[in-house]
Amino acid sequence: MFMDVSSDVKNIKGIGPARAKQLSKLGIYTIRDVLFYFPRDYQDMSPLTFKQGTEDETGVFPCIVTGSAVSRKTRTGIYITKLPITDGQNKGYAVFFNQPFVEKSFYPNQRLLLIGKIKKNFGVYEISSPEWIKFEKVSNIKIERIRPIYPLSKGISQNFIRNTVKNAIEKFSGLEETLPNDILSRYNLLSLEEAIKNIHFPQNFRMLEKARERFIFEELLLFQLGVNLSRYYSKSEKRKNVYNTIDLEPFLSGIPFTLTSGQEKVLKDIIKDLKSEYIMSRLIQGDVGSGKTVIACAALYLSVKNGFQGVMMAPTEILAEQHYNTLKRFLSPFDINVDMLKGGLAEKERKKLLLKLKNGTVDVLVGTHAIIQEDVEFKKLGMVITDEQHRFGVKQRENLVKKGHCPDVIVMSATPIPRTIAMALYSDLDISVIDTLPAGRQKVDTYVVNDSMRKRIYDFMASEVKKGHLVYVVCPAVEENELEIINVEQHTAYLRQEYPYLQIGMLHGKMKQDEKDKMLNRFLLKKIQVLVATTVVEVGVDVPLATLMIVENAERFGLAQLHQLRGRVGRSSLKSYCILISGSNQGTARERLNYLMNCYDGFKISQKDLELRGPGEFLGVKQHGFFEFKFASFIDNIEILKTTQKLANQILEKKYLLLPEYKNLKKSLETKICI
Ligand code: ADP
Ligand code: MG
């Protein structure tokens with residue numbers, strides 16, 4: 001009897017309601033789920049002699065029992081059983097802890113397969129707490145050459161999962177191939193069925209590699225199709241808003257500084273876009289402080305001077321407020337009417353503002369995502385700018401764009417994303433980078449210290465406050481936790497107790513938005529001198545008096561994120577510091593953090609971060625469904641990434657997705673992009 005892949009796991013031999021319930025905790029409900037529950041690792045079952053084994057890696061040792069097991073109780077109450085064994089060349093012991101029953105399981109001359117890590121203890125081989133298989137049995141059960149090791153949860157054993165998968169694999173039917181035949185043969189890939197079988201119970205390591213390769217290929221192909229899809233459907237939209245007068249001279253002579261070369265370059269890109277026959281969709285990346293706001297202002301200026309309205313959207317009310325002030329300062333001298341749609345606006349005022357927006361009295365509107373609400377209408381929206389992109393979903397951006405009359409779009413991001421990732425994430429956008437900082441920017445002195453320095457660091461904090469400066473203290477967790485990670489709540493209490501004369505506030509993501517805004521405002525106004533916070537502060541609020549950033553448990557953050565946090569200080573001419581406190585003495589953690597002491601280039605830092613941790617962990621990227629790869633990695637699979645990129649473009653260009661053979665690929669793509 002074959003089992004359809006969509007049927008319930010209870011159809012598998014040995015699975016009743018209780019077992020089914022346990023499996024559901026692993027997200028397994030159907031036969032298909034079992035087939036796609038992939039091993040996290042593999043055990044090479046090739047037999048080893050004691051000498052060939054190592055301390056670090058689990059090995060498989062065929063051996064013979066040479067005597068009776070002997071047990072003793074240690075003074076600390078541990079029951080130790082030692083079983084004498086030999087591999088034919090060397091003698092040794094299998095050692096068991098608190099398992100008195102094992103004594104009776106063994107007898108002299110018995111043949112065993114022991115699975116565990118081996119080490120030499122005073123010159124004698126010992127295998128501690130091994131798994132054992134009696135050899136007599138081995139002749140009737142077939143042992144795989146390579147054994148899968150699955151991620152588990154409580155109450156479920158490796159053997160149970162292995163048997164479940166094995167039973168499912170022997171009998172499943174109706175698993176449809178997702179890749180078209182011509183792709184399978186052109187790229188010499190295993191079929192889905194072969195790949196599934198070999199990912200669980202590989203015939204050999206080469207077949208395991210082939211199985212992995214197929215899944216990597218498929219993941220990256222879907223990824224490339226997904227991100228390039230929009231290019232074929234929206235990118236080439238023709239411009240409707242014509243720019244007749246592109247003269248920035250008045251605006252540029254009005255600002256109190258000259259643009260950096262990086263800013264000029266980006267402005268050129270924008271002007272080129274506005275002159276082009278297609279609408280602009282451009283991502284502007286620039287490190288914190290590189291001066292993105294003035295570029296946004298320039299774009300809005302051009303837009304209004306050509307008869308269009310513009311919006312600028314920020315992720316929080318406070319940021320929106322800061323932008324509002326800047327925009328007003330830069331733009332109102334040119335008769336440009338800037339207004340802000342505040343969250344807490346009274347109904348009457350809100351109505352008034354919306355009316356002015358609709359009749360075109362307001363030229364530029366600033367706000368949070370409240371701007372995308374349905375009743376907000378424009379007379380002629382021509383320029384849409386969003387700041388701090390990684391806080392917004394693609395959907396939100398699209399909604400905003402829909403309000404316009406094919407508006408041009410600029411997305412600004414302070415997260416320096418390595419080019420490979422940026423192109424993948426934002427393939428529907430062209431990318432410009434502001435690669436210079438305004439002259440005279442001082443660098444934020446960065447130090448990595450360990451726990452023992454904490455008291456001194458906090459005294460330094462107190463002395464900074466005494467000078468009238470402000471201090472951020474960032475912790476990785478909000479509340480008490482079993483991992484003993486320093487958390488905002490307890491740390492605030494601790495600092496208040498140690499420094500009762502300081503005004504200390506706290507800020508974290510579990511607070512409501514208006515509470516957060518209030519707290520940040522109090523910090524801005526110096527009513528609070530020390531702000532203990534989670535990484536919610538990484539999004540660019542400008543607090544010029546902040547001169548010290550202390551990060552607790554710094555080893556828990558990515559480099560890109562720490563760099564972002566560091567950007568919160570050093571925003572004026574005041575000397576500023578960033579101190580990373582790390583409890584971890586682990587060499588690599590320390591080395592990673594030390595990188596920040598000498599490097600201030602956001603792109604270099606994020607590239608390093610990417611190399612060290614992979615894109616899944618990369619700042620903000622995790623929320624992006626496309627990056628949830630089970631097999632693929634941007635670092636290790638660059639070649640397949642390139643191959644699939646070419647292939648994806650070809651598929652889209654030739655509209656292959658409409659062909660019947662591509663039906664299943666299209667279906668996978670549709671489920672994947674519903675994010
Ligand atoms: P970010 O890119 O982080 O958004 P901002 O736009 O907030 O940076 O700019 C940071 C500060 O630098 C602002 O005070 C801004 O007025 C100033 N600034 C921007 N461009 C220049 C420039 N070319 N020369 C000097 N100061 C500049
Ligand atoms: Mg900014």
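Remember, predicted model here, so these are calculated numbers, not experimental data. All ligand and atom numbering here is 1-based and tracks the order in the structure.
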Item to complete: Consider every N or O of Gly291 and every N or O of ligand 1, then say whether any pair is closer than 3.5 Å.
Response: yes
Practice prompt. May I ask you to identify, for Met412, whether its side chain, its backbone, both or neither come under 4.0 Å of ligand 1 on a heavy-atom basis?
Written response: neither
Practice prompt. Can you sort out the partners of Tyr494 under ring pair (Phe, Tyr, Trp, His ring centres under 6.0 Å), two or more places apart, ordered by chain and number?
Written response: His491
Worksheet item: For Asn598, what residues pass the side chain to side chain donor-acceptor pair (under 3.5 Å) criterion, not counting sequence neighbours?
Response: none
Worksheet entry | Contact with ligand 1 for Gly289, non-hydrogen, under 4.0 angstrom | yes
Response to the item:
For Leu259, the ligand 1 atoms with a heavy-atom partner under 4.0 Å come out as 23 (N)
Practice prompt. Kindly state whether the ring of Phe460 and the ring of Tyr577 have centres lying under 6.0 angstrom apart.
Written response: yes
Discussion item. Quick check on contacts: which atoms of ligand 1 are under 4.0 angstrom from a heavy atom of Thr260?
Written reply: 23 (N)
Practice prompt. Any chance you could lay out the side-chain hydrogen bond (donor to acceptor under 3.5 Å, both in side chains) test for Ser576 and Thr547, step after step, and finish with the verdict?
Written response: CA-CA 4 Å; Ser576 298; Thr547 55; 5.3 Å; no
Worksheet item: Does atom CZ of Arg456 have more than 12 heavy-atom neighbours, drawn from other residues, nucleotides or ligands, at distances under 6.0 Å?
Response: no
Worksheet item: Got a donor-acceptor contact below 3.5 angstrom from the Gln503 side chain to the Gln529 backbone?
Response: no
Worksheet item: Hey, which atoms in ligand 1 end up nearer than 4.0 Å to a heavy atom of Thr258?
Response: 22 (C), 23 (N), 24 (N)
Worksheet item: What atoms of ligand 1 come closer than 4.0 angstrom to any heavy atom of Thr293?
Response: 4 (O), 5 (P), 6 (O), 7 (O)
